[in-house]
Amino acid sequence: MSRKTPQAIRGTQDIFGADAEAFAFVVETFERVRRLYRFRRVEMPVFEKTEVFARSLGETTDVVSKEMYSFDDRGGESLTLRPEFTAGIARAFLTNGWQQYAPLKVATHGPLFRYERPQKGRYRQFHQIDAEVIGAGEPQADVELLAMADQLLRELGIHDVTLHLNTLGDAESREAWRAALIDYFRAVKDQLSEESQERLEKNPLRILDSKDPRDKPFLADAPKIDAFLSEEASAFFAAVTSGLDAAGVKWVRAESLVRGLDYYRHTAFEFIPDEGSASAAALGSQSTVLGGGRYDGLMESLGGAPTPAVGWAAGIERLAMLVGERAEPKADVAIVAEDDASMLVAIAAQMGLRAKGLTCDAFLSGSPRKRFDKAVKSGAKAILAYQMVDGKVTGRVKSEDEALGIQLLQFEHQTSL
RNA sequence: GCGAUCAUAGCUCAGUUGGUUAGAGCGCCGGUUUGUGGUACCGGAGGUCACGGGUUCGAACCCCGUUGGUCGCCCCA
């Protein structure tokens, strides 16, 4: 019997008005830029078999162990709403024989789902733009991908965000570094924060970017990845950085930048607002606006042949916050029926104007005397007002824009014949 | 998963130490005024004070719980 309106699901958003304009601006700019770099558009399913994410992200990661929206379908199969793009794209690469297109550059965007506590810049259904290069093991692919990200941010008008870059080395380098970190931190385990003591077992790399003051004294002297890099890994990173310099992409080395997901190798990066900047303030405690890296190990975890790949993703909501308010555009023409006798002529007129490609609002209802005022208030570039005069419906034009005014006068003249 | 804080009209917010029919501005609808125009005035609609309990003669106000928002932690885009 309750007539109560159901509430929206926690952490979802109904985006409207200036916010929706900013969101659309981000997506449109991304679509334009990815064409410049010749990334091909792909559309991906919103859900996959649970194992697609469990196997590629790693069972122990937070995303898989406690943040996925998983459910059994009517056939009893466990499915999951995608918490990220990369795993699904990798699955599609393997199941559709896209190896034949390698190196394959693809881009997509859409909703992702993560069961997390919502806060500023963080939602349970959120949206990302995403770019991947699959089947390209050379550092030039990393450079191109990062150059695209950098250009995208500039075209969005975001200038106070900088590329933070690191390398995790190849599989051997990464393992050796990890072992050294565990040795180093285990020696001072009692003095670390509770969180970092836990991370020591689960994900020791994460201790490096701890914000806890108890951990900070030990971070500076912690083993550095550079000491463990193989010759190949060093050369790879050097090729990436020199390529970025040649491309004119500004970057800073971030030795403590790591990735949470298991499949990353070599290049890891995040675009982060500069300290004290307007963008940093706009984002609150969420610092990363675009992040990614190289994931040469992923295809194997999904049962495919070893396939090198790089990619990044960026939160559309976060980018939209940095883009700021974007006003909804005003109509070219507001059509007014100043009395009910001119109604049908006004309806016909708006169809004619829209067919000519002019955006058009109509004011046909409510108090006839107030319709013109509403049209004025709407901020339309021009007003075309119809009124019954001496038994004939006639239109009057009011326009700030002279050319548009003349066009409307001609239109009115032709249609009144 | 943990912590802090908030929830009154469509929106932004008042509402005194608990005390009659819960208010304003904006917006919306109607009327009058103006009359190539965004004005002014008058009127109207719209609220089980987030929801559920409790204390009290009496609760928007005090207590408990739930839901949701916001901001941190964890983690991440």
Side-chain angles (χ1 to χ4, degrees), chain A residues 2-14 16-17 26 30 57-58 60-68 82-86 109-131 149 153 161 193-196 198-199 202-203 205-207 209-212 257-261 269-273 281 283-293 311-322 334 336 338 363 365-380 382-385 387 395-400 405:
Chain A
S2 174
R3 301 260 97 197
K4 204 167 149 61
T5 305
Q7 282 184 314
I9 294 169
R10 177 167 218 194
T12 62
Q13 314 168 80
D14 303 308
F16 175 75
V26 171
F30 173 66
L57 303 183
T60 61
T61 57
D62 278 14
V63 171
V64 170
S65 63
K66 48 191 197 194
E67 294 176 3
M68 292 206 303
R82 64 185 178 197
E84 59 135 41
F85 276 117
T86 306
H109 64 82
L112 292 309
F113 305 85
R114 250 121 96 159
Y115 190 87
E116 290 186 281
R117 193 75 177 269
Q119 56 183 274
K120 189 176 199 174
R122 193 153 121 177
Y123 307 96
R124 288 185 173 180
Q125 178 180 335
F126 60 105
H127 302 80
Q128 286 185 348
I129 51 179
D130 181 273
L153 293 172
V161 167
S193 65
E194 297 78 24
E195 278 126 16
S196 286
E198 232 175 276
R199 283 189 277 234
K202 259 175 65 185
N203 196 352
L205 277 55
R206 277 271 156 222
I207 301 176
D209 54 11
S210 169
K211 293 167 203 158
D212 196 296
L257 192 154
V258 296
R259 305 270 73 198
L261 308 178
F269 53 86
E270 295 179 6
F271 283 77
I272 299 174
L283 277 180
S285 71
Q286 318 301 326
S287 55
T288 302
V289 87
L290 183 155
W312 56 250
I316 297 177
E317 289 89 349
R318 290 185 187 178
L319 288 171
M321 284 193 283
L322 304 191
V336 179
E338 294 211 72
F363 296 90
S365 62
S367 172
R369 311 193 68 160
K370 289 187 174 168
R371 290 178 200 164
F372 196 97
D373 286 348
K374 283 194 220 169
V376 172
K377 258 183 140 172
S378 78
I383 296 171
L384 176 53
Q387 200 165 14
R396 282 183 298 124
V397 172
K398 176 185 163 64
S399 177
E400 307 269 311

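Counting any heavy atom pair closer than 4.0 Å across all strands shown, G11(A) reaches sugar-phosphate atoms only and no base atom.
Both key distances under 3.5 Å define a Watson-Crick or G-U pair, and stretches of 3 or more such consecutive pairs in RNA chain B run B:1-7 with B:67-73, B:10-13 with B:23-26, B:28-32 with B:40-44, B:50-54 with B:62-66.
Computed from coordinates, the F16(A) CZ to G10(B) P distance equals 16 Å when rounded to whole Å. Summarising the geometry, the separation between CG on L384(A) and P on G37(B) is reported as 17 Å, rounded to the nearest angstrom. D373(A) places its CG atom 12 Å from the P atom of C29(B), with the value rounded to the nearest Å. The distance between atom CD1 of I9(A) and atom P of U67(B), rounded to the nearest whole Å, is 15 Å. Going from atom NZ of K374(A) over to atom P of U39(B) covers 13 Å, rounded to whole Å. With rounding to whole Å, Q7(A) atom CD is found 11 Å from C51(B) atom P. The separation between K370(A) atom NZ and U33(B) atom P is 12 Å, rounded to whole Å.
On the P atoms, C74(B) is 16 Å away from C2(B), given to the nearest whole Å. Across G47(B) and G53(B), the matching C1' atoms stand 22 Å from one another, rounded to whole Å. Nucleotides C42(B) and C57(B), compared at atom C1', are 43 Å apart to the nearest Å. A distance of about 14 Å separates the C1' atoms of G19(B) and G15(B), rounded to the whole Å. The same atom, C1', is picked in U66(B) and in A45(B); the two are 33 Å apart, to the nearest Å. When the C1' atom is used for both G65(B) and G25(B), the distance is 36 Å, rounded to whole Å. Nucleotides G23(B) and G44(B) have their P atoms positioned 13 Å apart, rounded to a whole Å. G58(B) sits 15 Å from U20(B) when the P atoms are compared, rounded to a whole Å.
Other residues, nucleotides and ligands contribute over 12 non-hydrogen atoms within 6.0 Å of the CD atom of Q119(A).
With rounding to the nearest 0.5 angstrom, the CD1 atom of I316(A) is 9.0 Å from the CG atom of L112(A). How far CG of L283(A) is from CG of L322(A): 4.5 Å, rounded to the nearest 0.5 Å. Separation of atoms CZ (F85(A)) and NE2 (H109(A)) is listed at 8.0 Å; rounding is to 0.5 Å.
When atom types are taken as modelled, the side chain of R318(A) and the backbone of T288(A) share a donor-acceptor pair closer than 3.5 angstrom. Of the possible polar contacts, none joining the R122(A) side chain to the G11(A) backbone as a donor-acceptor pair under 3.5 Å is found. Between the side chain of R114(A) and the main chain of V63(A), no donor-acceptor pair closer than 3.5 Å is present.
Taking 4.5 Å as the limit, every side-chain heavy atom of S210(A) sits out of range of all side-chain heavy atoms of E195(A). The side-chain heavy atoms of V161(A) and L290(A), taken from C-beta on, include no pair separated by under 4.5 Å. Side-chain contact between R124(A) and I9(A) is absent, with no heavy-atom pair separated by less than 4.5 Å.
Counting only heavy atoms from C-beta on, S367(A) has its side chain closest to G30(B) among G37(B), G30(B), G68(B). Residue R396(A) has its side chain nearest to U36(B) when only G68(B), U32(B), U36(B) are considered.
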- Message: Does the protein touch nucleotides 70-77 of chain B at the base, only the backbone, or not at all? Give it as B, S and - per nucleotide, heavy atoms under 4.0 Å.
- Response: -SBBBBBB
Grab the N/O contacts between the protein and nucleotides 43-46 of chain B below 3.5 Å, and write none if there aren't any.
none

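Between P368(A) and F372(A), it is P368(A) whose nearest contact on RNA chain B lies nearer the 5' terminus.
Residues forming a side chain to side chain donor-acceptor pair (under 3.5 Å) with E67(A) (at least two apart in sequence, or on another chain): none. By the side-chain contact (heavy atoms from CB on, under 4.5 Å) test, A380(A) pairs with A331(A), A334(A), S378(A), sequence neighbours left out. Applying the side chain to side chain donor-acceptor pair (under 3.5 Å) test to S196(A) and every residue at least two apart in sequence or in another chain returns S193(A), R199(A), D215(A).
For the pair K377(A) and C26(B), the criterion of a side-chain N or O lying under 4.0 Å from OP1 or OP2 is not met.
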